[in-house]
Asks: 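One structure is given below, represented as C-alpha cells, and several questions about it will come after.
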Number of protein chains: 2
Amino acid sequence: MKREEAKTTTRASATLWDRTRQLASQEILETALRLFTEQGYDETTIAQIAREAGVSQRTLFRYFGSKEDLLGGDQDRFGRVLAGAISEQPAETGVWDALHAGIAAVLSLHDNSEQALQRFRLLHNTASLRAGWLEKRLRLQEELLPLVEARMDAAAGAADARARAVIATAFACLDAASMTWVANDGQSNIMDLYDECLAAVRG
Amino acid sequence: MKREEAKTTTRASATLWDRTRQLASQEILETALRLFTEQGYDETTIAQIAREAGVSQRTLFRYFGSKEDLLGGDQDRFGRVLAGAISEQPAETGVWDALHAGIAAVLSLHDNSEQALQRFRLLHNTASLRAGWLEKRLRLQEELLPLVEARMDAAAGAADARARAVIATAFACLDAASMTWVANDGQSNIMDLYDECLAAVRG
DNA sequence: CGACCTCTGGCAGTCGCTGCCAGGTTGGCG
DNA sequence: CGCCAACCTGGCAGCGACTGCCAGAGGTCG
C-alpha cells in the first residue's frame with residue numbers, strides 16, 4: 001500500500017522485488033499443484049511443497065495464506081468477474097438471464113485448459129477442500145445479494161431470503177453441472193448442463 | 001458390535017458402562033455448548049472444554065471425533081430422518097412434495113427449543129463451522145440422490161445432474177429460510193419461509 | 001475371587017498456522 | 001560510492017486440533 005502510489009500500473013513490474021516475487025509465487029504454485037495431483041491433497045504436507053519449491057514454510061505462508069489458497073486462490077477473481085458480468089447486464093434483464101450471463105463469463109475464463117479439469121477433480125474428491133471452497137462461495141453469494149435483489153420484484157416481505165434462494169439455486173445447478181462434467185472427463189459442455197439442471201429445477 | 005447381541009434394546013442400559021458413557025457425553029456436550037455461546041467457537045479450545053467437563057482431551061476426542069462434531073453431531077440423525085420421511089411418501093408424490101415432507105419432518109425434531117436458535121446462530125456466524133457443516137450436508141445430498149432420482153421422470157440424459165440440482169435447490173431454500181429465521185430471532189416460521197423461497201425460485 | 005474386557009488419562013508426535021527476530025538484498029539518497 | 005531505510009527471507013518457538021501408543025484404573029462375569 002506504499003509503493004503503489006508510484007507508477008506500478010505497468011505490468012512490467014519495474015522493481016526487482018516484484019519480479020522475484022512473481023517468480024517465487026509461480027514456482028510454489030506449480031510445485032503444489034503437481035504434488036497434489038500426484039499424491040493427493042491431504043497426503044501432501046506444506047513442508048514438502050516448501051522443500052521442493054525451494055522456499056521456507058514461512059515464506060510459503062506469506063505468499064499463500066493457507067493450504068487451501070494454493071488451489072482456491074483464484075476464487076476471488078472469479079467472484080469479481082461474476083459480479084462484473086451481472087452488473088453489466090441491462091437493467092431490464094431478468095434475474096436468471098443475468099445469472100446465466102455471469103456464469104458464462106466465469107466459465108469462459110478457463111474452460112479449454114486441461115488444468116481446470118484437474119483442479120475440479122481434486123476439489124470434488126477431497127472433502128477438506130470442498131469444505132473451504134463452499135465456505136468461500138457462501139461469502140461470494142452474500143456479496144452478490146444486492147446485485148440480484150435489485151433485479152427481483154420486491155413483492156413479498158422476505159426479499160432477502162428470496163434473493164438468497166435464487167443465488168444459491170444458481171450455484172447449486174452450477175455444482176451439479178460441473179460435477180457431471182468432471183464425471184464425464186470434460187466431454188460435455190458445462191453451460192448446457194447448467195441450463196438442463198436449471199430447467200429441471202424450475203420445471 | 002459385541003455387546004449389542006445381548007438385550008441392550010432396552011433404553012435403561014443395563015451395564016454401568018453405558019450409563020457413565022452417556023453421562024460423560026452429556027456433560028461434555030453441555031459444557032461445550034455453554035462455552036461456545038459464551039465466548040465463541042474459535043475462541044474456545046478443546047483443552048478448556050475438557051478441563052471444565054472434567055475429562056481428558058483424549059477422552060473428549062473418543063466421544064466426539066472432532067471439535068465440529070460437538071455441534072454438528074446430530075446431523076447424521078437429521079439425515080436419517082430426512083431420508084426416512086422421503087421414502088415413506090407414496091410413490092405418486094412428486095419430488096418437491098416429498099422433499100417438503102422430509103424437511104418438515106426434520107424441522108419438527110427441534111423447532112420449539114431455544115437451543116436450536118443458539119446452534120443456528122453459532123453456525124451462521126462462524127466461518128470454520130459453516131465449512132464443515134456444508135461439507136457434511138453435501139455428503140447427505142449424495143445419499144439422497146437415489147431417493148430423489150426415483151421420483152423424477154428419467155427423460156433427458158443427465159438424470160444424475162438434474163436430481164442433484166433439485167436436492168441442492170431444496171437445501172438452498174432451506175438455508176435461505178433458516179438464515180432469515182435466525183435474523184428474525186426465530187419469530188417467523190421456517191417452513192413458510194422455505195415455501196416462499198421455493199416459490200421465488202420456481203416462479 | 002480372579003481372569004477378562006473396557007474405558008481412561010497422559011505422553012509424544014504430526015500438521016497447519018502465526019509471531020517474533022535476526023539476518024541478507026535492494027532501492028533511493030546525498 | 002556509501003549509507004540508511006525499506007523490504008524480504010528463513011528459522012525458531014509456540015499454539016491448537018488431532019492421533020497412536022501404552023500403562024493403569026475400573027467394571028463384568030464365570
Side-chain angles (χ1 to χ4, degrees), chain A residues 1-8 12-28 32 35-36 39-73 126-129 131-132 135, chain B residues 1-8 12-28 32 35-36 39-73 126-129 131-132 135:
Chain A
M1 302 304 168
K2 204 89 64 62
R3 213 167 51 267
E4 266 59 27
E5 19 181 317
K7 67 286 279 239
T8 28
S13 46
T15 94
L16 209 172
W17 287 131
D18 297 350
R19 252 175 295 150
T20 18
R21 266 185 81 85
Q22 189 164 342
L23 213 79
S25 165
Q26 199 172 329
E27 175 67 26
I28 294 173
L35 292 175
F36 286 163
Q39 41 179 310
Y41 179 80
D42 289 327
E43 287 70 30
T44 306
T45 68
I46 293 286
Q48 190 185 7
I49 301 173
R51 205 183 322 126
E52 302 206 11
V55 296
S56 70
Q57 299 190 31
R58 199 62 192 81
T59 301
L60 192 153
F61 276 117
R62 262 192 276 265
Y63 279 84
F64 303 90
S66 72
K67 193 180 178 185
E68 284 176 6
D69 283 0
L70 286 167
L71 264 167
T126 313
S128 44
L129 266 176
E135 213 287 313
Chain B
M1 299 304 172
K2 204 90 64 61
R3 213 167 49 266
E4 266 57 24
E5 20 183 315
K7 67 286 276 241
T8 27
S13 48
T15 94
L16 211 173
W17 287 128
D18 296 350
R19 252 175 296 150
T20 19
R21 267 185 82 85
Q22 191 164 342
L23 213 78
S25 164
Q26 200 172 328
E27 174 69 24
I28 294 173
L35 292 176
F36 286 163
Q39 40 179 303
Y41 179 80
D42 289 326
E43 288 70 30
T44 306
T45 68
I46 293 287
Q48 189 185 7
I49 301 174
R51 203 183 323 125
E52 301 205 13
V55 296
S56 69
Q57 298 190 31
R58 198 66 191 78
T59 301
L60 193 154
F61 277 118
R62 261 191 277 264
Y63 280 83
F64 303 89
S66 73
K67 194 180 177 185
E68 284 175 7
D69 283 359
L70 286 167
L71 265 167
T126 312
S128 44
L129 265 175
E135 214 286 315

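So that the names make sense, note that chain A is the first sequence line, chain B the second, and so on, each numbered from 1. Bear in mind that the values here come from a model prediction, so they are computed numbers and not experimental data.
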Asks: Verify, without hydrogens or angle tests, whether A:Lys67 (side chain) and A:Thr45 (backbone) share a donor-acceptor contact under 3.5 angstrom.
Replies: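 No, A:Lys67 side chain to A:Thr45 backbone: no donor-acceptor pair under 3.5 Å.
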Asks: Rounded to whole angstroms, how far apart are CG on B:Leu129 and C1' on D:dA17?
Replies: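 Taking atom C1' of D:dA17 as the reference, CG of B:Leu129 is at 14 Å.
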Asks: Got a second to check how far B:Arg62's CZ is from B:Ser25's OG, nearest 0.5 Å?
Replies: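 The OG atom of B:Ser25 is 14.0 Å from CZ of B:Arg62, to the nearest 0.5 Å.
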Asks: Any side-chain heavy-atom pair from B:Leu70 and B:Ile28 closer than 4.5 angstrom?
Replies: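 Yes, at least one pair of side-chain atoms sits under 4.5 Å.
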Asks: In whole angstrom, give the distance that lies between atom CD of B:Glu43 and atom C1' of D:dG16.
Replies: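 After rounding, the reported distance stands at 13 Å.
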Asks: Given atom CD of B:Gln48 and atom P of D:dC15, what is their separation to the nearest angstrom?
Replies: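 Checked: the CD to P distance equals 15 Å.
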Asks: Reading nucleotides 15-22 of chain C from the 5' end, what letters show protein touch, with B for base, S for backbone sugar-phosphate only, - for no heavy atom under 4.0 Å?
Replies: SSBBBB--
Asks: Considering only residues two or more places apart or on different chains, which pairs with a residue in residues 41-73 of chain A satisfy ring-ring contact (aromatic ring centres under 6.0 Å, His included)?
Replies: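 Found A:Phe36-A:Tyr41.
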Asks: If the cut-off is 4.0 Å, is B:Tyr63 near the phosphate of C:dT8, judged by side-chain N/O to OP1 or OP2?
Replies: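 Yes, B:Tyr63 has a side-chain N/O under 4.0 Å of OP1/OP2 on C:dT8.
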Asks: Can any side-chain N or O of A:Thr59 pair as donor or acceptor with the backbone N or O of A:Val55 at less than 3.5 Å?
Replies: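 Here the side-chain-to-backbone pair does not exist.
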Asks: Calculate the interatomic distance between A:Arg21 atom CZ and D:dA6 atom C1'; express it in whole Å.
Replies: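 So the CZ-C1' distance, A:Arg21 to D:dA6, works out to 13 Å.
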Asks: Reckon B:Phe64 touches a base, only the sugar-phosphate, or nothing at all at heavy-atom distances under 4.0 Å?
Replies: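 Here B:Phe64 touches no strand at all.
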Asks: Could you state the CG-C1' distance from A:Asp18 to D:dC8, rounded to the nearest angstrom?
Replies: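 Atom-to-atom, A:Asp18 to D:dC8, this comes out as 12 Å.
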Asks: With no hydrogens and no angle check, just 3.5 Å: does a side-chain donor-acceptor pair link B:Asp42 and B:Thr126?
Replies: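 B:Thr126 and B:Asp42 do not have a side-chain donor-acceptor pair below 3.5 Å.
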